[in-house]
Amino acid sequence: LAKTTQPISMDSYEGQEVNITCSHNNIATNDYITWYQQFPSQGPRFIIQGYKTKVTNEVASLFIPADRKSSTLSLPRVSLSDTAVYYCLVGDIGTGRRALTFGSGTRLQVQP
Amino acid sequence: DVKVTQSSRYLVKRTGEKVFLECVQDMDHENMFWYRQDPGLGLRLIYFSYDVKMKEKGDIPEGYSVSREKKERFSLILESASTNQTSMYLCASSLSTSGRSSYEQYFGPGTRLTVT
């Protein structure tokens, strides 16, 4: 898995858009970018995955520039319930036998 | 919905005890994993299994063993619990297919183990 770098923590207020950037300079051609979300006292959960350009689902958007050396997870109009740790993972999805490597993630604190 | 359950949310054991943590998933997933999570260290992989009776060491297997006798159940065993094994233990499962599913692990709620 390619090494990733994320900010340790971020603060925001309710109603704001939050963008969390992940650097992955050594991303390989076949690598995909995956983000997980972990609420306090729960296990992580998959939220979004992408290869290039933009991906959007009901939870978040993922922006990936043309060089793919970074990616940005965008959370629109955050609420207190978005307070969580967000993990960025990068790797080849071509095999099903996969053990994931989670870094320390980005701790997002949303204030009222 | 995939459901991964763990036998206990909280557990307190004494040093030297043998500890069993059980994990059950109900979606016929081939892959199962045990992680521990400690403040500032993220999730670290202890063991994983790709099939029944099959196991592979993760990053920190020392002091642990595992058992997978049935596809839906994956047990983590602390042979002789020590205080440095006080942690949050998370079980996960996933399908053994390529594509997005290879990155989509489903986690249980975790077991917070305290060894005194």
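The sequence lines fix the lettering, A, B, ..., with proteins before strands; numbering per chain opens at 1.
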**OP:** Without swapping roles, check the side chain of B:Tyr103 against the backbone of A:Ile33 for a donor-acceptor pair under 3.5 Å.
**Re:** no
Original post:
Within the distance-only criterion (no hydrogens, no angle test), does the side chain of A:Tyr36 pair as donor or acceptor with the backbone N or O of B:Gln105 below 3.5 angstrom?
Top reply: yes
Original post:
Is it the case that more than 12 heavy atoms not belonging to A:Tyr51 sit under 6.0 Å from its OH atom?
Top reply: yes
Original post:
Can you tell me if CZ on A:Arg107 sees more than 12 non-hydrogen neighbours from other groups inside 6.0 Å?
Top reply: no
Same cluster for [X] and [Y] if Ile/Leu/Val/Met/Phe/Trp/Tyr side chains link at under 4.5 Å?
X       : Y       : answer
B:Met32 : B:Tyr50 : no
A:Met10 : A:Leu73 : yes
B:Phe33 : B:Met54 : yes
B:Tyr89 : B:Tyr47 : yes
B:Leu21 : B:Val24 : no

**OP:** Measure distances from A:Gln42 to the heavy atoms of chain B and classify the residue's part below 4.5 Å as side chain, backbone, both or neither.
**Re:** backbone
Original post:
Could you go step by step and tell me if B:Gln37 and A:Val85 meet the side-chain contact (heavy atoms from CB on, under 4.5 Å) rule?
Top reply: CA-CA 13 Å; B:Gln37 185 169 31; A:Val85 178; over 6 Å; no
Does any heavy atom of chain A fall under 4.5 Å from the side chain of [X], the backbone, both, or neither of them?
X       : result
B:Glu30 : neither
B:Leu43 : both
B:Arg9  : side chain

Original post:
Applying a criterion of heavy atom separation less than 4.5 Å, what residues of residues 107-116 of chain B form contacts with chain A?
Top reply: B:Phe107, B:Gly108, B:Pro109
Subject >> Contacts of A:Arg45 that satisfy side-chain hydrogen bond (donor to acceptor under 3.5 Å, both in side chains) - sequence neighbours left out >> reply: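 Partners of A:Arg45 under the side-chain hydrogen bond (donor to acceptor under 3.5 Å, both in side chains) test: A:Gln37.
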**OP:** To the nearest 0.5 Å, tell me how far B:Glu104 CD sits from A:Thr34 OG1.
**Re:** 9.0 Å
Original post:
Closest approach of B:Leu90 and A:Pro44, non-hydrogen atoms and distance?
Top reply: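 Nearest pair, atom of B:Leu90 first, then A:Pro44: CD1-CD, 4.3 Å.
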